[in-house]
Amino acid sequence: MSQKPDYPAVPIFGLPFSKMNMAETVEYLARAVEARRPTQVITGNPIMVMAALERPDYYRVMEQAELIVPDGAGIVWASRFAGNPVPERVAGFDLLHELMREGERRRWSAYLLGARQEVVEEVARRLQERYPLVRIAGWRNGYFGPEDDAGVVAAIREAAPDLLFVARDALTTQEPWIARYKHELGVPVMMGVGGSFDVIAGRTKRAPVFFQKLGLEWLYRLLRQPSRAGRMAALPRFVLKVLRAGRKLGERPASVRETEMKKI
Ligand code: UDP
């Protein structure tokens with residue numbers, strides 16, 4: 001979305017984070033489904049914002065998404081710092097379930113793309129059991145390269161789902177992949193959900209509510225999976241950048257230069 005977003009938002013480094021709560025977000029996406037309007041939902045967190053500030057191509061992906069929701073406690077904090085707080089955190093995992101619930105009422109269908117084959121099969125089985133009125137239109141594991149993209153896109157088009165959940169790598173094969181194909185997929189709501197499939201399949205655990213309430217879900221994940229440390233180094237850098245930006249937090253930083261943006 002390079003023009004003004006069509007939802008209430010707080011800009012963080014020029015990226016419009018939605019100020020809708022969970023119910024309003026579901027309502028907004030239900031309208032997109034009814035209108036068959038291609039809508040890429042980004043569940044934004046500090047790691048993604050830092051990647052965007054360092055890579056103009058990633059900035060562009062985020063900027064052109066139809067909706068960015070505030071996943072990640074760091075974003076909620078930054079919005080408060082900006083004096084324009086989002087009403088609540090809208091976590092991708094929760095939004096997936098809320099969309100499935102809404103899908104039961106509206107008889108939607110969903111396609112699952114990502115994670116390992118046995119994981120995505122288990123997710124299809126569990127979601128079908130939990131939301132029997134949503135048709136699981138298809139699934140595929142997330143381990144494929146660009147040479148397979150055309151076939152994957154064609155299979156999704158053919159299945160014609162209302163919702164597409166993509167569980168791959170947010171910085172490379174997930175958000176940029178959706179951005180690249182969103183006008184070919186023929187799906188109204190497309191959303192990257194990261195590690196959510198692993199949680200739904202019971203392979204990993206979501207942080208206890210206690211951690212979620214304190215805004216420490218990231219800490220729980222770091223403790224359980226220390227290999228995430230590299231990625232999470234973005235968090236303190238994000239905090240510093242926000243503090244330094246001060247009143248200019250809303251502005252698109254000079255580092256994302258127009259000239260570079262045009263090349264992509
Ligand atoms: N994944 C995938 N293809 C890839 C790389 C990763 O399908 O090429 C899957 C991986 O199996 C896991 C998910 O993407 O299910 C990423 O989970 P992670 O916890 O790393 O993501 P986060 O929630 O931090 O975005």
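Heads up: numbering here begins at 1 and tracks the sequence. Start at 1 and go down the list; that is how both ligands and their atoms are numbered.
Under a 3.5 Å cut-off, the side chain of E122 and the backbone N or O of A201 do not form any donor-acceptor pair.
Contact residues for ligand 1 (protein heavy atom closer than 4.0 angstrom to any ligand atom): G114, A115, G142, Y143, A167, R168, G194, G195, D198, R221, R228, R231.
Taking the side-chain contact (heavy atoms from CB on, under 4.5 Å) definition, one finds that R228 meets it with R221, L222, Q225, R231, M232, sequence neighbours left out.
Cluster partners of V153, by chain and number: Y111, L113, F144, V152, I156, L164, V166, W177, I178, Y181, L185, V187, M190. The rule joins Ile, Leu, Val, Met, Phe, Trp and Tyr whenever side-chain heavy atoms lie under 4.5 Å apart. Taking a 4.5 Å side-chain heavy-atom cut-off between Ile, Leu, Val, Met, Phe, Trp and Tyr, the cluster of L240 contains only that residue.
Ionic pairing of D149 and R180 is not present here: no N-O contact between side-chain nitrogen and carboxylate oxygen is shorter than 4.0 angstrom. A salt bridge between K248 and E251 is absent, with no side-chain N of the basic residue lying under 4.0 Å from a carboxylate O of the acidic one.
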